[in-house]
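The block underneath contains the structure these notes are about, expressed in structure tokens.
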Amino acid sequence: MLIPYLEAQGHKTVAMDLPIENASATLSQLADVVIQALPKTDDDIVLVGHSMAGTIIPLVAEVVKVRQLVFVAALLPYPGISTLDQFSHHLDSDTLKSFNYQPKEPSKLEQFHDEPDMFEPASVGKDYSDEAVLREFFFHDCQPDVAQWAISKSRSQQSMAYIFETNPLQALPNVERKYIVCADDRILSPTWSRYAAPKRLGVDAIELPSGHCPHLSRPDLLASILTSD
């Protein structure tokens with residue numbers, strides 16, 4: 001839905017399908033898939049990461065020269081810390097035990113203790129193989145035919161590296177950054193996104209009136225933001 005709007009403005013696009021069905025895929029392996037797909041002769045690359053791909057695109061930017069990283073309703077990596085580390089203080093001990101969670105030194109995690117919930121509470125623990133759940137949480141603001149198409153293309157997320165793996169970054173790449181918060185997101189908390197963007201990336205979040213998948217529900221507005229200075 002998004003690509004025609006970008007190409008109409010003369011931009012080249014590469015849409016990625018990460019191998020999320022591979023349960024053993026690591027963050028670096030996922031990043032390598034992106035690296036291999038990018039054009040080798042283009043040095044004016046804007047790399048966009050949606051949702052869990054926010055943990056991937058900075059790893060790509062360590063290897064490939066990019067002009068800008070854009071995080072769309074995205075998780076944000078923290079060097080040497082897993083996503084679970086970032087929100088473990090919101091989980092009870094039984095839940096953490098079920099994940100076989102081994103906490104890091106408390107001094108490394110204290111900085112996250114004042115953060116809002118990363119995920120919308122109503123979305124946690126849902127069965128995302130259920131079409132009704134997908135409609136309610138991912139595609140609630142999409143046109144019915146678009147929602148049905150998206151559901152038909154849904155895939156089983158087996159790689160959980162974006163949650164459990166310690167991010168191998170030493171530091172975030174020193175490139176331009178943009179964060180787009182989806183104000184009606186029912187998955188990732190907009191409150192968290194607004195808080196985390198300036199804290200982690202040093203930029204204020206740009207508001208987009210959409211649910212978690214603006215590339216499907218508001219592709220025209222998303223394209224406008226992606227191509228703006």
Determine, step by step, whether Leu188 and Glu120 satisfy the side chain to side chain contact (heavy atoms under 4.5 Å, CB included) criterion, reporting the C-alpha distance in whole Å, the side-chain angles of both residues, the deciding distance to 0.1 Å, and the verdict. CA-CA 6 Å; Leu188 197 66; Glu120 286 293 307; over 6 Å; no
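- Minimum interatomic distance between Ala171 and Glu62 (heavy atoms only, all atoms of both residues): O-OE2, 4.1 Å.
- Checked against side chain to side chain donor-acceptor pair (under 3.5 Å), Ser93 has no partners two or more places apart in sequence or in another chain.
- The shortest side-chain heavy-atom distance between Asn167 and Leu59 falls under the 4.5 Å cut-off.
- A donor-acceptor contact shorter than 3.5 Å links the side chain of Ser159 to the backbone of Ala25.
- Separating the CG atom in Leu18 from the CD atom in Gln157 is a distance of 8.5 Å, to the nearest 0.5 Å.
- For the atom pair CD1 (Ile163) and OG1 (Thr55), the distance works out to 8.5 Å, reported to the nearest 0.5 Å.
- The shortest distance between side-chain heavy atoms of Lys178 and Ser228 falls below 4.5 Å.
- In this structure, Ile45 is a member of the same hydrophobic cluster as Leu30, with clusters built from ILVMFWY side-chain heavy atoms closer than 4.5 Å.
- Salt-bridge formation is not detected for the pair Glu136/Lys126: no Lys NZ or Arg NE/NH1/NH2 atom is positioned less than 4.0 Å from an Asp or Glu carboxylate oxygen.
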When you look at Ser82 and Asp85, which way does the side-chain hydrogen bond (donor to acceptor under 3.5 Å, both in side chains) test go after all the steps? CA-CA 5 Å; Ser82 71; Asp85 287 329; 3.0 Å; yes
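- Within the 3.5 Å criterion, the main-chain N or O of Pro190 finds no donor-acceptor partner in the side chain of Asp185.
- Listed for the Lys40 side chain is a donor-acceptor partner under 3.5 Å among the backbone atoms of Leu38.
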Chi angles and distances behind the side chain to side chain contact (heavy atoms under 4.5 Å, CB included) call for Ile225, Val70: CA-CA 10 Å; Ile225 294 173; Val70 183; over 6 Å; no
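- Here the closest heavy-atom approach between residue Asp204 and residue Pro198 is recorded as OD1-CB, 4.0 Å.
- Residues Ile187 and Ser123 form a side-chain contact, since some pair of their non-hydrogen atoms from C-beta on lies under 4.5 Å apart.
- The nearest pair of heavy atoms linking Ala73 to Cys182 is CB-SG, 3.8 Å.
- Residues Gln158 and Ser156 bring a donor and an acceptor atom of their side chains to less than 3.5 Å of each other.
- A salt bridge does not link Lys153 to Asp17: none of the charged nitrogens lies less than 4.0 Å from a carboxylate oxygen.
- Side-chain contact between Met1 and Trp149: present, with at least one pair of heavy atoms (C-beta onward) separated by less than 4.5 Å.
- By the rule that hydrophobic residues join a cluster once side-chain heavy atoms approach within less than 4.5 Å of another member, Val63 and Met16 end up as members of one cluster.
- Side-chain contact between Pro209 and Arg218: present, with at least one pair of heavy atoms (C-beta onward) separated by less than 4.5 Å.
- Under the 4.5 Å side-chain criterion, counting only non-hydrogen atoms from C-beta, Ser217 is not in contact with Val146.
- No donor-acceptor pair closer than 3.5 Å links the side chain of Lys65 to the backbone N or O of Ala61.
- A salt bridge links Lys199 with Glu115: at least one charged nitrogen is closer than 4.0 Å to a carboxylate oxygen.
- Sequence neighbours left out, the pairs with a member in residues 109-147 that pass ring-ring contact (aromatic ring centres under 6.0 Å, His included) are Tyr78-Phe112, Phe87-Phe119, His89-His113, Tyr128-Phe138, Phe138-His212.
- No side-chain donor-acceptor contact under 3.5 Å links Arg177 to the backbone of Val203.
- Rounded to the nearest 0.5 Å, atoms CG (Leu226) and CG (Leu221) are 11.0 Å apart.
- Ser129 OG to Ile151 CD1: the interatomic distance, rounded to the nearest 0.5 Å, is 11.5 Å.
- The heavy-atom pair separating Pro77 from Leu172 by the smallest distance is CG-CD2, 4.1 Å.
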Evaluate the criterion side chain to side chain contact (heavy atoms under 4.5 Å, CB included) for residue pair Tyr5 and Thr227; output intermediate values, then yes/no. CA-CA 10 Å; Tyr5 288 96; Thr227 56; over 6 Å; no
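- Two different hydrophobic clusters hold Ile180 and Phe71 under the rule that ILVMFWY side chains link at heavy-atom gaps under 4.5 Å.
- Clustering ILVMFWY residues whenever any of their side-chain heavy atoms sit less than 4.5 angstrom apart, transitively, puts Val181 in a cluster other than the one holding Ile206.
- Side chains of Thr166 and Lys104: a donor on one and an acceptor on the other come within 3.5 Å.
- For CG of Asp130, the number of neighbouring non-hydrogen atoms (other residues, nucleotides, ligands) closer than 6.0 Å is greater than 12.
- Hydrophobic clustering places Leu75 together with Ile57 (ILVMFWY residues linked when any side-chain heavy atoms are closer than 4.5 Å, directly or through intermediates).
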Are Met118 and His90 close enough, and set up right, to give a side chain to side chain contact (heavy atoms under 4.5 Å, CB included), and what steps lead you there? CA-CA 9 Å; Met118 184 178 294; His90 287 298; over 6 Å; no
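- Side-chain atoms of Asp92 and Thr95 form a donor-acceptor pair, as typed in the model, at a separation below 3.5 Å.
- Taking both residues in full, the closest heavy atoms of Pro219 and Leu2 are given as O-CD1, 3.4 Å, listed atom of the first, atom of the second, then distance.
- Looking at Thr13 and Glu7, their side chains do bring a donor and an acceptor atom within 3.5 Å of each other.
- A distance of 10.0 Å separates CD of Gln68 from CG of Leu47, quoted to the nearest 0.5 Å.
- Atom CD of Gln9 has more than 12 neighbouring heavy atoms from other residues, nucleotides or ligands inside a 6.0 Å radius.
- The closest side-chain heavy-atom distance from Glu165 to Met160 is not below 4.5 Å.
- Partner of Val72 under the side chain to side chain contact (heavy atoms under 4.5 Å, CB included) criterion, out of Pro214, Cys213, Ser193, Ser210: Pro214 alone.
- Checked by atom type and distance alone, the side chain of Gln86 pairs as donor or acceptor with a backbone atom of Leu76 at under 3.5 Å.
- Heavy atoms only, all atoms of each residue included: Ser24 and Gln29 are closest at O-OE1, 3.6 Å.
- Residues in residues 166-189 take part in no ring-ring contact (aromatic ring centres under 6.0 Å, His included) pair, two or more places apart or across chains.
- Here Thr26 contributes atom OG1 and Tyr162 contributes atom OH; the two are 15.0 Å apart, rounded to the nearest 0.5 Å.
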